[in-house]
Amino acid sequence: MAIPNKIFDCIIIGGGQAGLSVAYFLKRSKLNYLILDAEGNSGGSWLHTWDSLKLFSPSQYSSLSGWQMPESKNEYPCRQEFIDYLKAYEKRYNFSIQRNTKVTKVKNKDGIFKIETNQGNFAETVVSATGTAKNPFIPSFPKRKDYQGVQLHSVDYRNTKKFKGKKILVIGGGNSGAQILAELSKVAQTKWVTLEEPTFLPEEIDGRYLFQQANSSYFNEKKQTEEKEVSLSDIVQVEIVKNGLKRNIYDALRPFDSFYKDGVIWQDGEKETFDAVIWCTGFNANLKHLNPLGIIKNGHIETKNTRSIKYPKLWLVGYGNWTGFASATIYGVGKTARNTAKEIKAHFDV
Ligand code: FAD
């Protein structure tokens with residue numbers, strides 16, 4: 001049911017893990033908040049990831065503030081387990097949330113935000129937590145438009161069904177590329193292109209370790225210098241990746257020169273045909289709805305922590321390191337959400 005027009009203390013745009021995390025900390029105040037989410041169901045962009053996706057950290061490191069994810073039967077939880085957890089988390093805390101509501105524009109009207117949706121709402125403060133999944137990134141490659149085969153970003157990849165017996169080029173050297181390549185290589189002929197030699201983390205290093213490192217960085221603890229520096233984009237050896245390593249499928253090639261109509265032209269001039277190219281090349285922040293505020297530069301907004309410098313009644317949560325170290329991860333978002341809620345409460349003096 002549509003909630004009638006009124007001025008909310010705070011509107012949170014986006015009902016994924018980042019939006020829910022802010023709501024969790026705001027709920028403890030008397031502030032009148034509402035989450036607006038474009039999806040019809042709980043789960044944020046996890047609803048649209050590929051079927052076999054496994055998280056790169058065990059359940060206790062894949063949990064949001066306040067309530068731990070139930071133990072998974074797998075070492076690494078699968079996407080459906082995480083979606084079920086988000087749904088249960090929402091129910092447990094009874095967040096105020098309006099679904100099927102896409103925010104198209106946020107405007108500043110005499111110091112109050114006017115939020116244009118199919119409903120129309122107003123708010124004193126706004127938290128934008130719209131993630132990155134709606135803004136997939138594909139790097140520019142010469143003659144990409146000439147290529148007549150299938151091109152798909154990982155955000156639109158579901159499973160191997162359409163690709164059986166085909167010849168596929170997977171582009172991108174992170175966790176998505178490694179996991180998707182591994183399952184495709186069982187049913188199709190595959191090649192892998194990465195900008196540089198990909199880094200596979202040792203078997204014992206997974207999300208747990210990465211998050212511990214994220215924690216130390218966040219609090220600027222010196223002790224992390226003793227630890228090996230690893231990156232959140234390095235490849236975690238979830239089961240399918242371990243199996244791929246055993247099968248020797250990860251022979252990564254450096255980028256080709258250009259596309260042509262049937263495939264790619266390698267740097268030595270040789271042409272190779274491919275039925276499909278799958279771009280596992282990541283995402284940028286989805287900030288389109290904030291365009292009317294005129295504060296987006298190179299895909300980012302100038303912030304102090306999560307707070308917009310130009311509009312101090314606007315916060316940005318969950319988009320990546322520029323909104324707090326590891327804030328685009330399940331474990332990492334809680335810290336920035338807590339701080340954001342604290343600043344919002346201070347604004348209202350509650
Ligand atoms: P989202 O989940 O994208 O939620 C944003 C919500 O906002 C969505 O519901 C969307 O529909 C809604 N929305 C967007 N625009 C609007 C609008 N204009 N109006 C209203 N609503 C809007 N992190 C980990 O910690 N562990 C992992 O194992 C892990 N695996 C990952 C695997 C993949 C393939 C990817 C892509 C990411 C992974 N991440 C992982 C990173 C991160 O946890 C996820 O990207 C996560 O979904 C980010 O949550 P979010 O709430 O910021 O964004």
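Just follow the structure's listing: the first ligand is 1, and inside any ligand the first atom is 1. Each residue takes its place number in the sequence, starting with 1.
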At less than 4.0 angstrom from any non-hydrogen atom of Q17, what atoms of ligand 1 do you find?
42 (C), 43 (O), 46 (C), 48 (C), 49 (O), 50 (P), 51 (O)
Per-atom contacts, ligand 1 versus N286 - under 4.0 Å to a heavy atom
14 (C), 15 (N)
Should T194 and R254 be marked as a side-chain hydrogen bond (donor to acceptor under 3.5 Å, both in side chains) after you check the CA-CA gap, both sets of side-chain angles, and the distance that decides it?
CA-CA 6 Å; T194 63; R254 294 298 79 77; 2.7 Å; yes
Given L31, I35, V127, the one that forms side chain to side chain contact (heavy atoms under 4.5 Å, CB included) with C10:
V127
For ligand 1, does A328 get within less than 4.0 Å through its side chain, its backbone, both, or neither, judged by non-hydrogen atoms?
backbone
Looking at L55, which atoms of ligand 1 are within less than 4.0 Å of one of its heavy atoms?
28 (O)
Result of checking D234, V241, V236 against F200 for side chain to side chain contact (heavy atoms under 4.5 Å, CB included)
V241
Residues D37 and R99 bridged, charged N to O under 4.0 Å:
yes
Got a salt bridge between E343 and K304, using NZ or NE/NH1/NH2 to carboxylate O under 4.0 Å?
no
Can you label the angle between the Y61 ring and the Y331 ring as parallel, tilted or perpendicular, going by 30° and 60°?
tilted
Please check whether D37 reaches ligand 1 - meaning an N/O of the residue sits under 3.5 Å from an N/O of the ligand, judged on distance alone.
yes
Tell me, yes or no, whether the heavy-atom count around K102 atom NZ, taken from other residues, nucleotides or ligands under 6.0 Å, exceeds 12.
no
Those atoms of ligand 1 less than 4.0 Å from some heavy atom in G16
4 (O), 6 (C), 51 (O)
Strictly under 4.0 Å, does any heavy atom of W50 approach an atom of ligand 1?
yes
For ligand 1 and A133, I'd like to know whether there is a polar contact (N/O to N/O, distance under 3.5 Å).
no
Residue portion contacting ligand 1 (non-hydrogen atoms closer than 4.0 Å) for A129:
backbone
Give the atoms of ligand 1, by number and element, whose distance to some non-hydrogen atom of G318 is under 4.0 Å.
52 (O)
Taking 4.0 angstrom as the limit and counting only heavy atoms of G14, give me the atoms of ligand 1 inside it, by number and element.
6 (C), 7 (O), 12 (C)
Residue-level breakdown please: for F283 versus ligand 1, do any non-hydrogen atoms fall below 4.0 Å on the side chain, on the backbone, on both, or on neither?
side chain
Indicate yes or no: does an N/O atom of S45 lie under 3.5 Å from an N/O atom of ligand 1?
yes
Give yes or no for whether the N/O distance cutoff of 3.5 Å, strictly under, is met between W46 and ligand 1.
yes
Atom NZ of K242 with >12 non-hydrogen neighbours under 6.0 angstrom:
yes
Counting only heavy atoms not in E302, do more than 12 fall under 6.0 Å of its CD?
no
Compile the donor-acceptor pairs under 3.5 Å between side chains in residues 269-278 and protein atoms, sequence neighbours left out, one pair per line.
| unit_1 | atom_1 | unit_2 | atom_2 | d |
| --- | --- | --- | --- | --- |
| E272 | OE1 | K191 | NZ | 3.2 |
| E272 | OE1 | W266 | NE1 | 2.8 |
| E272 | OE2 | K167 | NZ | 2.8 |
| E272 | OE2 | K191 | NZ | 3.2 |
| D275 | OD2 | K167 | N | 2.7 |

Atoms of ligand 1, numbered as shown, that sit under 4.0 Å from any heavy atom of K134
10 (C), 11 (O)
Salt bridge present between K134 and E39 (N-O < 4.0 angstrom)
yes
Which atoms of ligand 1 have any heavy atom of T101 under 4.0 Å away?
19 (N), 20 (C)
With sequence neighbours left out, write down each residue that passes salt bridge (charged side-chain N to carboxylate O under 4.0 Å, His left out) with K114, or none if nothing qualifies.
E116
So which of G282, A38, A18, S128 gets nearest to atom 22 (C) of ligand 1, if we judge by its closest heavy atom?
A38
For atom 34 (C) of ligand 1, which of V238, V155, L290, L53 has the closest heavy atom?
L53
Going by the 4.0 angstrom heavy-atom rule, the piece of T104 near ligand 1 is neither
Is it the case that ligand 1 has an N or O less than 3.5 angstrom from some N or O of G43?
no
